[in-house]
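First listed ligand is number 1; within each ligand, the first listed atom is number 1.
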Amino acid sequence: MIIVLNRNDQNTIDELQEHFGNNHDIFVHHNRVAVQGITRDDLSDSEKSAAVEIIEDVPAAVQGSRVFHPEDTIIRTKHSMIGGDNFTMMAGPCSVESEEHITRMAAVAKANGATVLRGGAFKPRTSPYSFQGLGEEGLRFLRRAADQYNMDVVTEVMDDEHVEMVGKYTDIFQIGARNMQNFSLLKAVGRTNIPVMLKRGMSATVDDVLNASEYIAAGGNHNIMIAERGIRTFDNKYTRNTMDAGVVPVLQKLTHYPVIIDPSHAAGHTEFVTPLGLAGVAAGASGLVVEIHDDPAHALSDGPQALLPEQFKELSDKAFAIRDLLTEMPAEQAEAGR
Ligand code: PEP
Ligand code: MN
């Protein structure tokens, strides 16, 4: 249940804490107090009369919900603002392959508007015999390349035991689709204050991903973004997954966290990455995360879906143009243009 109070009604907040704090989970956001597991009848008369509104039908992922936290979350990293009216481009190879390569890819990403460099050093491969990543050495290469170009780093952490070590190198943890419901990993990143990009699992519903985000928030880390990377449906003959563009406005309605689109893993083939990425931007995503490579035929992972530098430039130019159109055109002008 969420109790909406008048602004600055600290007395009632204190009263609610005292009344329910020992036996229930309580969260406070400005004038909104969420108390888990109670009904209106559990409130005292003074609590009831202090309430401007009582919302009983609240989602399980209450801290991530718009009803609890109406304004957009904006995540601030050293070089990026993610969420709200900002648009954030993230790019890099699927895997960190060598120091020279990640440095070249950082230059390409930065030159085309990316402020976040991606690259996996711990790779969740479908087969145990595929390239598993360079590990901590890869993280060192990634960090140095990002620093050279004044960029942030996003990289996957696969294991709760690695959270501390990966956290020394990264600005944003990526939780991969395969780990979206790895609850001990979610709790471990939730105990840090490093932003988290939580990727929707390939068979996860909207509520599944929101509940997964709540595990992170429950630990105290509210710097969460949710990434759509395509879900498995009945037809994967032409694309690797089905990109759910509809999830962008749906998530934006339900949660205050920024929504990011990963068109690369959705498409699976280079030629479809740009149109899907642009569709994500048009749907209102706060950013894209895109795989790029200058020699995809020899990439150590996901070469078939990598954009060449010139292809990434095209995607990025168009993505920023669409975003400008969406955010800068005043409503009257949009109306007049029809
Ligand atoms: C990746 O980002 O390279 C990756 C493996 O992503 P996902 O978890 O979405 O498959
Ligand atoms: Mn990949």
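- Among protein heavy atoms, atom 6 (O) of ligand 1 sits closest to K199 NZ, 3.0 Å.
- No donor-acceptor pair under 3.5 Å is formed between the side chain of R76 and the backbone N or O of S80.
- H162 has its side chain within reach of F122: a pair of non-hydrogen atoms, C-beta onward, lies under 4.5 Å apart.
- The R118 neighbourhood of ligand 1 comprises atoms 1 (C), 2 (O), 3 (O), with distances under 4.0 Å to a heavy atom of that residue.
- Among all protein heavy atoms, the one lying closest to atom 8 (O) of ligand 1 is A177 N, 2.8 Å.
- Distances from atom 10 (O) of ligand 1 to the heavy atoms of R229, E156, R125 put R229 nearest.
- Within the 4.0 Å heavy-atom shell around ligand 1 one finds C94.
- Annotation: H293 is in aromatic contact with H101 [ring centroid separation under 6.0 Å].
- Rounded to the nearest 10 degrees, the angle NE2 (H265) to the Mn ion (ligand 2) to OE2 (E291) equals 80°.
- Residues Q181 and N211 fail the side-chain proximity criterion, which asks for heavy atoms closer than 4.5 Å.
- A single hydrophobic cluster is seen to contain both L254 and V247, as judged by linkage of ILVMFWY side chains at heavy-atom distances under 4.5 Å, directly or through other members.
- Nearest N, O or S atom of D302 to the Mn ion (ligand 2): atom OD2.
- Residue G176 has at least one heavy-atom neighbour below 4.0 Å for each of these atoms of ligand 1: 8 (O).
- A salt bridge between R104 and E100 is absent, with no side-chain N of the basic residue lying under 4.0 Å from a carboxylate O of the acidic one.
- Between D171 and K78 there is no salt bridge, since no side-chain N of the basic residue sits under 4.0 Å from a carboxylate O of the acidic one.
- Per-residue contacts place E291 under 4.0 angstrom from the following atoms of ligand 1 (heavy atoms of the residue considered): 1 (C), 3 (O).
- Against a heavy-atom cut-off of under 4.0 Å, K123 is close to the following atoms of ligand 1: 1 (C), 3 (O).
- Not a single N or O atom of D262, backbone or side chain, sits closer than 3.5 Å to an N or O atom of ligand 1.
- Not a single heavy atom of M202 lies less than 4.0 angstrom from ligand 1.
- In terms of modelled atom types and a separation under 3.5 Å, the side chain of S316 and the main chain of N112 share a donor-acceptor contact.
- Closest protein heavy atom to atom 4 (C) of ligand 1: H265 NE2, 3.4 Å.
- Salt-bridge check for K187 with D160: failed, with every basic side-chain N at 4.0 Å or more from each acidic carboxylate O.
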